[in-house]
Amino acid sequence: MTVPGPPRLAGGAVLLAAVLPAPGTAWSPAAGPGTGPALAAVEKFDDDFGGATDAQLFPEEAATLTRAVDKRRREFTTGRICAHRALEALGMPAVPILPGERREPLWPAGVVGSITHTAGYRAAVVARGAAGSAVSVGIDAEPNEPTPGGVLREISLPAERDMLTALGREHPAVCWDRLLFSAKESVYKAWFPLAQRWLGFDDAELTITVDAGADGGGWAGSGPGGSSLSGVSPSWSRPGASGGDGPSVEGAPIAGAPGMDARGVFQARLLVAGPALPGGELTGFSGRWAVGWGLIVTAIAFTPPT
């Protein structure tokens, strides 16, 4: 019996499909007939590309790693290859993605994007920009593990710590301190291309909510942008667990492996003046989060109000 696979974004990403707009939804600022998807994402759960000919850095990218240690070299390389493939999935040529002054990825004209990497996971998302409009994306991935001692007070406001305590009582399987850190990383990644200045952890106050029925329910429920996550066995393995990039849509489920553990929404209220955008001053962001396969992922896909 064929078991339907989980939703995927253009580019093949599965985990990010729980937190980013699905193909064909309203978030398509510059897509039109024949232009390809408005957003694409590629993710990898290891650094093995099986000798694929496209799995290499451009010389300009490799030149930035002359003093990098092995860990940094591996995560940078896989993240950039994911970015190259995401650009191709968007219908654009792969080009060098060099780091800027603050190590932010410098995307080609007409594209916004974000890259993340943590132990056992690397990913990149790209989206088409729109002339005269401010759009931005930010993604982050972290292990679903507590932050080191003392970190929470460095990254949070008192009201946020109270919120995390309440969330922890209701949903103890989620490491809420790490999720807050990840969400603030996504906020910064979405903020910086628009504002071109630093945003501290105490410069935005976050509110986190859990989707109804999304705690411990595998893929059941409704995904971002209205995409259905129903009908998928929670026994699907973590993509890449059997050596590939993800579970085969036509294969059988792997018994005993977890699905998505929880997901929800976060709102970020800026506590500093934001940049002036075509729709008015930037005052905050809305994003989505998901926990599954031992990972936390957070994402923002921003377009200004019209």
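Note that these values count all heavy atoms, side chains included, but never hydrogens, waters or copies made by symmetry. Residue numbers run from 1 in the order of the sequence given.
For the pair Thr78 (side chain) and Arg74 (backbone), a donor-acceptor distance under 3.5 Å is present. Side-chain N or O atoms of Trp191 include one that pairs as donor or acceptor with a backbone N or O of Arg197 at under 3.5 Å. Remark: side-chain polar atoms of Lys184 are paired, donor with acceptor, to backbone N or O of Ala204 under 3.5 angstrom. Judged by distance alone, with hydrogens and angles left aside, the side-chain atoms of Thr118 form no donor-acceptor pair with the main-chain N or O of Glu142 at under 3.5 Å. No donor-acceptor distance shorter than 3.5 angstrom exists from the side chain of Thr64 to the backbone of Glu60, with no hydrogens or angles considered. Of the possible donor and acceptor atoms, one in the side chain of Lys189 sits under 3.5 Å from a partner among the backbone N and O of Ile139. A distance-only check finds no donor-acceptor pair linking the side chain of Glu160 to the backbone of Pro158 [under 3.5 Å]. Although no hydrogens or angles enter the test, the distance criterion places a donor-acceptor pair under 3.5 Å between the side chain of Ser186 and the main chain of Asp140.
Transitive grouping of hydrophobic side chains (ILVMFWY, heavy atoms separated by less than 4.5 Å) keeps Ile97 and Leu65 in distinct clusters. Residues Ile300 and Ile155 share a hydrophobic cluster, clusters being chains of Ile/Leu/Val/Met/Phe/Trp/Tyr side chains in contact below 4.5 Å. Residues Leu180 and Leu157 do not share a hydrophobic cluster, clusters being chains of Ile/Leu/Val/Met/Phe/Trp/Tyr side chains in contact below 4.5 Å. Val95 and Phe76 fall into different hydrophobic clusters, where Ile, Leu, Val, Met, Phe, Trp and Tyr residues are linked whenever their side-chain heavy atoms come under 4.5 Å apart, directly or through other members.
Counting heavy atoms of neighbouring residues, nucleotides and ligands inside a 6.0 Å radius, atom CZ of Arg72 exceeds 12 of them.
Taking CH2 from Trp176 and CD1 from Ile296, the interatomic distance works out to 8.5 Å, rounded to the nearest 0.5 Å. To the nearest 0.5 angstrom, His117 atom NE2 is 15.5 Å from Glu43 atom CD.
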*Could you go through the salt bridge (charged side-chain N to carboxylate O under 4.0 Å, His left out) check for Asp47 and Arg122 one step at a time?*
CA-CA 8 Å; Asp47 299 314; Arg122 290 79 159 91; 2.7 Å; yes
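Of the charged side-chain nitrogens involved, none lies within less than 4.0 Å of a carboxylate oxygen, so that Arg161 and Asp177 do not count as a salt-bridged pair.
Side chains of Thr298 and Val19 form no contact here, defined as non-hydrogen atoms less than 4.5 Å apart. Between Arg269 and Thr283 the shortest side-chain heavy-atom distance does not fall below 4.5 Å.
Aromatic rings of Trp293 and Tyr121 (six-membered ring for Trp) have centroids beyond the 6.0 Å cut-off, not under it.
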